[in-house]
Asks: 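To start, I am sharing the structure in question, which I have written as structure tokens.
Every chain is numbered from 1 and lettered A, B, ... according to where its sequence line falls, protein lines coming before strand lines.
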Amino acid sequence: MRTKRKIISIVVIWVFVMGILSVAHAEYRFGILNATTGAYAGLGVHKKKGIMLAIEKINKEGGINGEEVVGIYEDFESDPSKAISLAKKLIIQDKVIAILDCGSTAASLAVKKVTEKRKIVQVNTTPRSALAVDEPWPAYYFQTVPDNSVDAQKIGDFVKSLGVKRVSIIHDSNQYGTSGAIFQNDYFKKAGIEVVLSDKYQKTDRDLTSILIKARDRKTEAVVVWGTIPTPAVIAKNIRQLGMKVHYIGSSGLGSPKLIQLAKEAAEGIVFTSALAYGKMLPNEKPLFDAYKKKYDKFPNYFTALGWDCVMITVEAIKRVGGSKDTTKIRNSLESLSEFYGVIGKYKMNPTDHNGLDTSALHLVKIIGGKWVVLD
Amino acid sequence: MRGIKELAMNRNTYSKVIDFMLFLIIFLFPLFDSNEYHLDVAVIIGIYCIINIGLNLLLGNTGQISIGQAAFFGIGAYCSAVLTTNLHLTFWLSICFAAILTATLGISVGLTSLKLRGHYLAMATLGFGIIASTVYVEWTELTGGTSGFLNIPAPSIFGFQLDNEFKYYYLVWAFVLLVFISTQHLINSRIGRALQAIHEREITCGAMGINPAKYKLKIFTLSAAYAGIAGALFAGFQNYISPESFSVYSSIIFLCMIVIGGLGSVWGSIIGTVILSIFPEFIRAVASSEFISPQIKAILNEHSYHLIAYGFFVLIIIVFLPEGIVGGVKRLEAKAYEWLHSKQIVIE
């Protein structure tokens, strides 16, 4: 009996001491809401690597005013309603001062209600919906990815420069692809280029020959694809199988090494937009490339950069208000964050634009000989 | 003899007292734990309980399997979302419509598929689940497709907004109580005994004057309506719904919950739901606690370890408690009862 009592008292004391230690530890807590399982896992793993590397780098350089940055990670399994619950968990239980990533446009929008209500900054890596573009930016909602309208403009300018008159738009049925296609249609209408076909596919589709045959019959000269890997690789293969001689232009969602791995020689000649200028290292991209090379011995991709920038702009905003943990101050600081170079580009935020990137942030990449070559 | 009868009567009142106590604990819970995240999890558990009580009635009591329960859940949710957001009806009307719509669909699906048995019924309901998932994604004008349905208003009673976790907790668990009492009564009535008979010997039932087809259809419809009500509650709580929440995977999780809780028992549905919903939270708490060193934490963070632990946990329960948790408890109880009984006789 006595030993039992002793054990219990030791356990109680230990728990108590641990409790005190964890309270006494001052740190900046960021919630990372990311999907490494489910439909968005393919992008999620890269974003997560970027976020973790950035936090590692910040801490190695002494954190913020000597205090450590701690990333509390949650996987929402690509289910937006799970993201809502986890966002509440991060804010209420873990007391984070910002939520980063949010994985998919649907999840960002779902989480928006929670972050706005509890006045917590949400810095996501997903483009805003085309449906919400006319609405003002939600107060606590920021993003590191260029808006789809910017991407559509970059693609449109390139298609125009090719002198193409008839194009087809094929897009993912998700929020990203759909809103991209809306912007792309608008651009071509204004530029006087005829859109002969605009069709969507499911992420799980493994053959798109039927859509492409329609495009071929309507004598399309270029195919613009709005989507994320793997399906754009399927489209590339199908184009080759059908023997179509068309220009293949893709959105930033194509920027993954998997494109070449999956499509193999069919990937030859594909042009897509990318925020990273591969092989033409810009000074603002160097820290990420160095850190990534050191840890994984590879080049980072677009999504890693998005994750990295999420952390960097949030930390920069906190530093600019003297390391304050007041979420409203952080929000105001983020909103006035201009002249800051992230890996993606130069952020010029203001109350009417919580993203602040323009076409100068994007580059055109062409696949030549199984390698990515920057065109501009 | 008298002793046994008394004990049996005592046992009945004793189980009622336990029901009362457990619900009392459930209703007092928010007063002791005001952590909104815990309440959030508890609300979702309550919503799943409503579905699972219906599903358990179907599988545990009647012996008919359904892998399409999440489809009814989703239809209820989208029905309520469309009615309250686009047509500006009140939440209460929308929940009635959701129940009616899912019940009607339940009848039409049941009429065709309940003629099938065992694996074939499972296949048919699975097919229905897949069709429903496709409709949520493709009918973009109505459902918002993969981007989901945004800005669903929170319900209110007499102008009193149910807009936080605390208030919603009571709404959802009041529904659970309602469903619990009605199902308990149903099981203990003539219908309940007929269902049990259908479960055991369907052909004999037909010969004894019980129409199995009619009863099966009724129960299928009822369980669909329960799922519809749960869907409406879910939409009102999350203010946002998307097809991912109503996938076939969710249907399978619901089945897991009732199998682990205990088939044929209303408490089994509730306990199974609570345990399978809380377990991921428990692993999360352990993984982020101070007792684990940062190195191990980093490894745990790198991979989706919780899914492995979850699977392992389910496996262990199925291996050691094949009749579910409630079944295990009942077995223990029976042993204790036997022991008590033997003592009683000695005393007499």
Asks: Taking atom CZ of B:Phe97 as the centre, report whether more than 12 heavy atoms of other residues, nucleotides or ligands fall under 6.0 Å from it.
Replies: no
Asks: At a heavy-atom distance under 4.5 Å, which candidate from A:Val45, A:Ile84, A:Val114 has the highest pair count against chain B?
Replies: A:Ile84
Asks: Please identify each residue that fulfils salt bridge (charged side-chain N to carboxylate O under 4.0 Å, His left out) with A:Lys95, with sequence neighbours left out.
Replies: none
Asks: Can you say whether A:Ser78 sits under 4.5 Å from chain B via the side chain, the backbone, both, or neither, judging by heavy atoms?
Replies: backbone
Asks: By a 4.5 Å heavy-atom criterion (distance strictly below it), what part of A:Lys117 contacts chain B: side chain, backbone, both, or neither?
Replies: side chain
Asks: Can you give me the closest heavy-atom contact between A:Ala106 and B:Tyr240, atom names plus distance?
Replies: CB-OH, 3.3 Å
Asks: For B:Glu165, which atoms come within 4.5 Å of any heavy atom of chain A: side chain, backbone, both, or neither?
Replies: side chain
Asks: Can you check whether B:Glu244 reaches A:Glu77 side chain to side chain, under 4.5 Å on heavy atoms?
Replies: no
Asks: Enter the distance from B:Thr134:OG1 to A:Gln202:CD here, rounded to the nearest 0.5 Å.
Replies: 8.0 Å
Asks: So which part of B:Thr140 gets closer than 4.5 Å to some heavy atom of chain A, the side chain, the backbone, both or neither?
Replies: side chain
Asks: If I take atom CZ from residue B:Phe237 and atom OG from residue A:Ser81, how far apart are they, to the nearest 0.5 angstrom?
Replies: 10.5 Å
Asks: What I'd like to find out is whether the side chain of A:Asp79 reaches to under 4.5 Å of the side chain of B:Ser245, using heavy atoms alone.
Replies: yes
Asks: Quick check on B:Tyr170: does its OH atom have over 12 non-hydrogen neighbours (other residues, nucleotides or ligands) under 6.0 Å away?
Replies: yes
Asks: Side chain, backbone, both or neither: which part of B:Ser242 has a heavy atom under 4.5 Å from chain A?
Replies: side chain
Asks: Would A:Lys89 and B:Glu36 count as a salt bridge (Lys or Arg N to Asp or Glu O under 4.0 Å) here? Give the steps.
Replies: CA-CA 8 Å; A:Lys89 185 237 164 200; B:Glu36 282 155 310; over 6 Å; no
Asks: Donor-acceptor pairs under 3.5 angstrom involving side-chain atoms of residues 251-258 of chain B: please list them, not counting sequence neighbours.
Replies:
{"residue": "B:Ser251", "atom": "OG", "partner": "B:Ile67", "partner atom": "O", "Å": "3.3"}
{"residue": "B:Ser251", "atom": "OG", "partner": "B:Ala70", "partner atom": "N", "Å": "3.0"}

Asks: Could you tell me which portion of A:Lys200 (side chain, backbone, both or neither) has an atom closer than 4.5 angstrom to a non-hydrogen atom of chain B?
Replies: side chain
Asks: Can you name the closest pair of heavy atoms from B:Tyr37 and A:Lys88 and give their distance?
Replies: CD1-C, 4.2 Å
Asks: Can you say whether B:Phe246 sits under 4.5 Å from chain A via the side chain, the backbone, both, or neither, judging by heavy atoms?
Replies: neither
Asks: Got more than 12 heavy atoms from elsewhere within 6.0 Å of NZ, A:Lys119?
Replies: no
